[in-house]
Amino acid sequence: MNTTFKSKEDFANLTRLISMGWNAHYQEYATGTGIPARVIGVNKDLFHLSQGVEDWQATISGKVRYKAAFTDSKELYPVIGDWVLVQDMVITKVLPRLNMLSRGAAGGRRKNNTTATEGQVMAANLDTVCIVCGLDRDFNVRRIERYLTLVYSCGLNPVIVLTKADLHDEPEGCVDEVKEIAIGIPVHLVSAEDATGVLELEQYLTSGKTVTMIGSSGAGKSTLLNRLYGESVQTTGTVSQSLGKGKHTTTGRDLFFMPQGGMLIDNPGIREIAFYDNDGGIESAFSDIEHLAQGCRFSDCNHMHKVGCRVIEAAANGELPQGRLESYYKMKRELDYLSERQHKSADRVEKERWRDVALSAKAMKKTKRKR
Ligand SMILES: Nc1nc2c(ncn2[C@@H]2O[C@H](COP(=O)(O)OP(=O)(O)OP(=O)(O)O)[C@@H](O)[C@H]2O)c(=O)[nH]1
Ligand SMILES: [Mg+2]
Ligand SMILES: [Zn+2]
């Protein structure tokens, strides 16, 4: 990073950006017109940007929009947490992301897109992803397993936050249950109601660090943010008595500069956890099964047939819960299908590209002949 400063002001600006997560990676790519800023809110085509002192709204340049529409859009369209270059209230460049939390979104294949399924990037440039689960009717170990696979598939660091501890008679039992499936991952037991355990979460919110929360609607994400912030900055909503579900109170994504020094992104509740990336998520989320698999007789064992399979043996004798193995099979099938579709789609896009090249060559020949 360039450490020669023309003025005290330059130095102060850089220090402020660093406290917002700026580092040598973004500095390296910050070439072109405009000044760096971070996306702290998105409202359709309007982006809420900040440089630490002031914040303002900007749109995106035609060039960025065009690129996003005709290439792999998930890389290029600004999302919350992105670092961008901005000039005269127009975003001129989205700096390459260090990571992103994405998931499968409903909808078909876009023209010229290289992937079969649409992906939705929820947030970019993250240090920690908090999987928030309420200890009311929201509590579901199988769902936490899915969130873990999603976060790992994106190459991100998960942390599990079991909230609403005040509503459960034996919350410690839930922690033990979760620890069995979340091997080596911190599990925090908190209550936003009476502040139990909330201080523990401050370790993730130190200067320059960006944390995001995901979970179902009504899990208690916004309430937790308010508790950590020390005042009510986000609207919260009640959980339906009959369904035990939230009412999708948070609808947008916002990044908050926390008094602890870090940044916290609140997300809308997730209805359905669909995968999009496939970056070894299953191996990390099911490291116990991966470990058992070393004892399988055949190195390419798919753990579906009994012959010499250590995983099936462990499920049969109770070492491995049957529900966990079923969860593994289901997610593995989904992720295998996803990579197959993405491969196929990439091949098809390549074929279409060559067909287009051939067609335009033909067209050029025709016009030459006419002349
Ligand atoms: N008793 C208790 N209630 C809580 C706690 N945290 C949240 N709640 C309640 O749970 C309900 C839902 O909380 P929200 O914070 O709005 O949930 P959310 O996860 O942000 O939901 P969406 O914005 O819909 O995704 C509210 O009625 C909160 O008061 C807690 O620690 N204890
Ligand atoms: Mg909310
Ligand atoms: Zn096996």
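The basis for the numbers below is simple: all heavy atoms, side chains too, and nothing from hydrogens, waters or symmetry mates. Order of listing sets the numbers, starting from 1, for every ligand and every atom in it.
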Report summary line: Which atom of H303 is nearest the Zn ion (ligand 3), counting N, O or S only? It is ND1
Query raised in the report: Taking the Zn ion (ligand 3) as the vertex, what is the angle from SG of C296 to SG of C301, given to 10 degrees?
Result: 110°
Query raised in the report: When hydrophobic residues are tied together by side-chain contacts of less than 4.5 Å, even through go-betweens, does I91 share a cluster with L46?
Result: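 No; tracing contacts between hydrophobic side chains, which count when under 4.5 Å, never links both residues.
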Query raised in the report: Are I144 and Y328 co-members of a hydrophobic cluster defined by side-chain heavy atoms under 4.5 Å apart?
Result: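 Y328 and I144: one cluster.
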Report task. Have a look around the Mg ion (ligand 2) and list protein N/O/S atoms under 2.8 Å, or say none. Result ->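 Sorted hits: S222 OG, T250 OG1.
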Report task. Begin from the C-alpha positions of D45 and R65 and carry the test salt bridge (Lys or Arg N to Asp or Glu O under 4.0 Å) through to its verdict. Result -> CA-CA 10 Å; D45 281 351; R65 192 187 303 276; 3.3 Å; yes
Query raised in the report: Looking at residues at least two apart in the chain, or sitting in another chain, which of them share a side-chain hydrogen bond (donor to acceptor under 3.5 Å, both in side chains) with S222?
Result: T250, D266
For ligand 1, run through the N/O pairs with the protein that fall under 3.5 Å and put one pair on each line.
residue	atom	partner	partner atom	Å
ligand 1	1 (N)	D166	OD2	2.8
ligand 1	10 (O)	K164	NZ	3.1
ligand 1	13 (O)	T223	OG1	3.3
ligand 1	15 (O)	S222	N	3.3
ligand 1	15 (O)	T223	N	2.8
ligand 1	15 (O)	T223	OG1	2.4
ligand 1	16 (O)	G237	N	3.0
ligand 1	17 (O)	G220	N	3.2
ligand 1	19 (O)	A219	N	3.3
ligand 1	19 (O)	G220	N	2.9
ligand 1	19 (O)	K221	N	2.9
ligand 1	19 (O)	K221	NZ	2.8
ligand 1	20 (O)	S222	N	3.0
ligand 1	20 (O)	S222	OG	2.9
ligand 1	21 (O)	G218	N	2.8
ligand 1	23 (O)	T250	N	2.9
ligand 1	23 (O)	T250	OG1	2.7
ligand 1	24 (O)	S217	OG	2.6
ligand 1	24 (O)	H248	N	3.4
ligand 1	24 (O)	T249	N	2.9
ligand 1	25 (O)	K221	NZ	2.9
ligand 1	25 (O)	G269	N	2.9
ligand 1	27 (O)	G237	O	3.2
ligand 1	31 (O)	K164	N	3.4
ligand 1	31 (O)	A192	N	2.8
ligand 1	31 (O)	E193	N	3.3
ligand 1	32 (N)	D166	OD1	2.8
ligand 1	32 (N)	D166	OD2	3.4

Query raised in the report: Quick one: side-chain hydrogen bond (donor to acceptor under 3.5 Å, both in side chains) pairs with a partner in residues 156-165, sequence neighbours left out?
Result: D136-K164
Query raised in the report: Are side-chain N/O atoms of S50 and D55 paired as donor and acceptor at under 3.5 Å?
Result: no
Requested in this report: Say whether N125 and Y26, considering side chains only, have a donor N or O and an acceptor N or O under 3.5 Å apart.
Outcome: yes
Query raised in the report: Between D288 and R324, is the closest basic N to carboxylate O distance under 4.0 Å?
Result: yes
**Report entry** Nearest atoms (heavy-atom pairs only) where S216 meets R143
**Finding:**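 It is OG-NH1, 3.1 Å.
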Query raised in the report: Taking the six-membered ring for Trp, is the centroid-to-centroid distance between H188 and Y204 below 6.0 Å?
Result: yes
